[in-house]
Number of protein chains: 2
Amino acid sequence: MSETGRPAHVAGIRYPQRVRLVVARCSVDYAGRLSAHLPLATRLLVLKADGSVLVHSDGGSYKPLNWMSPPCTLTVSEPDEAQTDAGAQQIWTVTHTKTSDRLIVSVHEVLHDSQHELGVDPGLQKDGVEAHLQKLLAEQIHRLGEGHTLVRREYMTAIGPVDILARDSDGHSVAVELKRRGDIDGVEQLTRYLELMNRDPLLAPVAGVFAAQEIKPQARTLAEDRGIRCVVLDYDEMRGIDDSLSRLF
Amino acid sequence: MSETGRPAHVAGIRYPQRVRLVVARCSVDYAGRLSAHLPLATRLLVLKADGSVLVHSDGGSYKPLNWMSPPCTLTVSEPDEAQTDAGAQQIWTVTHTKTSDRLIVSVHEVLHDSQHELGVDPGLQKDGVEAHLQKLLAEQIHRLGEGHTLVRREYMTAIGPVDILARDSDGHSVAVELKRRGDIDGVEQLTRYLELMNRDPLLAPVAGVFAAQEIKPQARTLAEDRGIRCVVLDYDEMRGIDDSLSRLF
DNA sequence: GTCTAGATATCGCTT
DNA sequence: AAGCGATGTCTAGAC
């Protein structure tokens, strides 16, 4: 109960990682990059082995009401007189190791307290992010328009890599900016690439294509105003074709 | 154990909100906006009253390894033959109510299972960051340079509000884009405002100031290349002055 | 290490 | 309802 944060390594000995689950009536204060306060209520407190703390309510998204990110340490202390009068039984102070961020939990009543050994997690395997979309579009470059050919993915320029460089049926260069969701940011990014590339006589004229699964109206307006063509990609359809291709082998 | 998700309202009766904590050896698959897989390992599963599920490891940040956001429902089913052979005891399927997103948890061994009544949370009270920085800069407008005067905060234009509009010592307009961290995005945003405002004969010429607690090198280069002045703000110093002022009252 | 771009972002506010 | 900006963003990859 009065145990503090459990570092994974102490004096060279590797202790098993443990997560501690506490359900308690508590109030919470955070002082760091901002100040925040949570009034007294019953909440779930998750204390991870690296010292990090999550304060969750029963609802909302995956984001805790409040938290402290690692590296940090938890110390438990007795409440002072004022805190005792307010009903606090324990004060948990979570201090960030590098910054001066602080999370203070005033624990009024502990309703549950248990520890569980989880071990190290093998981690998440992802599929279907922008990288995958880029691979698919490179394989299905005709989606940019008839007669298009791939020059290369991640074409390097002085200000960063262009997602895809292609040529249209006339042999002119086409720079493609690819997004999962097409926002104004992406149009600005492509615009910077186009400005730079069109100064290169070996490449110019370079046309721009803004390709995304979904293009926001404002982004489309800005793009078309700048002569950038917009292409909406159907990920499922592209993946479907990719799967069918895979099945041939 | 075999209980499914508990909606907060059933047949007009309001049930108490409950959070369920499960520690289990499990593998997890997500199919929705992307595909993701978590190999078999021991993890913390948090099931909230709104049906949402968080899959946490003992470490990392506040973000779960995987999750399903509300509104969604959890159903528990028996594993099929292949799943039983793989060692699964139960299959939890979490389905999003509006999209077709799906989270499937293959539960191999339950190590802990408890439920806790939390009630409705009063919610977080926040104070700080960009709003505060904007208020401080409006009060300390001299930080833009000698002789500057405030016109107004959140000066509305056709494409959105400019954080601060001021005048310099010559009476010329100054548009200020304020950020906690000064990134290229912020420079682009300010550039769009300046283009628009400089078309307005009542305002033009409008100078630009990019003000932030921290300005990234690339952002500074881009800003200065466009004739936008960069001002680094010391939040603690500004807050200190603000506090001293407050103490006078 | 630092820095940059992407994200199943989430959250809140305004139109 | 939909769009947009901010976030204590977090995270992974590049340099």
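Note on naming: letters A, B, ... go to the chains in the order of the sequence lines (proteins, then strands), and numbering restarts at 1 for each one. Everything numeric in this text was worked out from a predicted model, so none of it was measured.
Note: CD (A:E154) to P (C:dG6) measures 9 Å, nearest angstrom. Regarding B:L34, its CG atom lies at a distance of 16 Å from the P atom of D:dT11, rounded to whole Å. Whole-Å rounding puts the A:D183 CG to D:dA2 P distance at 16 Å. The interatomic distance linking B:L65 (CG) with D:dT11 (C1') rounds to 13 Å, in whole Å. Rounded to an integer number of Å, the gap from A:W67 CH2 to D:dT11 P is 11 Å. In this structure, the OH atom of A:Y62 is 10 Å from the P atom of D:dC10, given to the nearest Å. For the pair B:Q213 CD and D:dT7 P, the computed distance is 10 Å after rounding to whole Å. Taking atom CG of residue B:L178 and atom C1' of nucleotide D:dA6, one finds them 12 Å apart after rounding to whole Å.
The existence of a salt bridge linking B:D163 and B:R153 is excluded, since no basic side-chain nitrogen approaches an acidic carboxylate oxygen closer than 4.0 Å. Of the charged side-chain nitrogens involved, none lies within less than 4.0 Å of a carboxylate oxygen, so that B:R192 and B:E177 do not count as a salt-bridged pair.
Listed nucleotides D:dC15, D:dA6, D:dG5 differ in distance to B:R192; the shortest reach to its side chain belongs to D:dG5. Among the nucleotides D:dC15, C:dT4, C:dG6, the one closest to any side-chain atom of A:E177 is C:dG6. When distances are taken from the side chain of B:K216 to each of C:dT10, C:dT4, D:dC10, the shortest belongs to C:dT4. Closest contact between the side chain of B:S61 and the listed nucleotides C:dT4, D:dC10, C:dT10 involves D:dC10. Here C:dC11 is the nucleotide among C:dT4, D:dC10, C:dC11 with the atom lying nearest to any side-chain atom of A:K63. Here D:dG3 is the nucleotide among C:dT4, C:dT10, D:dG3 with the atom lying nearest to any side-chain atom of A:P217.
If you check every strand for non-hydrogen atoms under 4.0 Å, B:Y30 touches a base. A:M68 comes within 4.0 angstrom of a base, heavy atoms only. Among the atoms of the strands shown, base atoms are found under 4.0 Å from some heavy atom of A:S69.
Between B:Q218 and A:K98, it is A:K98 whose nearest contact on DNA chain C lies nearer the 5' terminus. Each of A:A36 and B:G60 was assigned the nucleotide of DNA chain D with the nearest heavy atom; the assignment lying further toward the 5' end belongs to A:A36.
Residue B:Q189 places at least one side-chain N or O under 4.0 Å from the OP1 or OP2 atom of D:dA6. Distances shorter than 4.0 Å separate some side-chain N or O of A:K179 from OP1 or OP2 on C:dG6.
In terms of modelled atom types and a separation under 3.5 Å, the side chain of B:T93 and the main chain of B:I104 share no donor-acceptor contact.
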Please report the C-alpha distance between A:Q213 and A:K179 in whole Å, then the side-chain angles of each, then the deciding distance to 0.1 Å, and finally whether the side chain to side chain donor-acceptor pair (under 3.5 Å) criterion is met. CA-CA 7 Å; A:Q213 282 182 264; A:K179 292 286 176 203; over 6 Å; no

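The number of heavy-atom neighbours closer than 6.0 Å to CZ of A:R226, taken from other residues, nucleotides and ligands shown, is above 12.
Ring to ring, A:Y235 and A:H132 are close: their centroids are under 6.0 angstrom apart.
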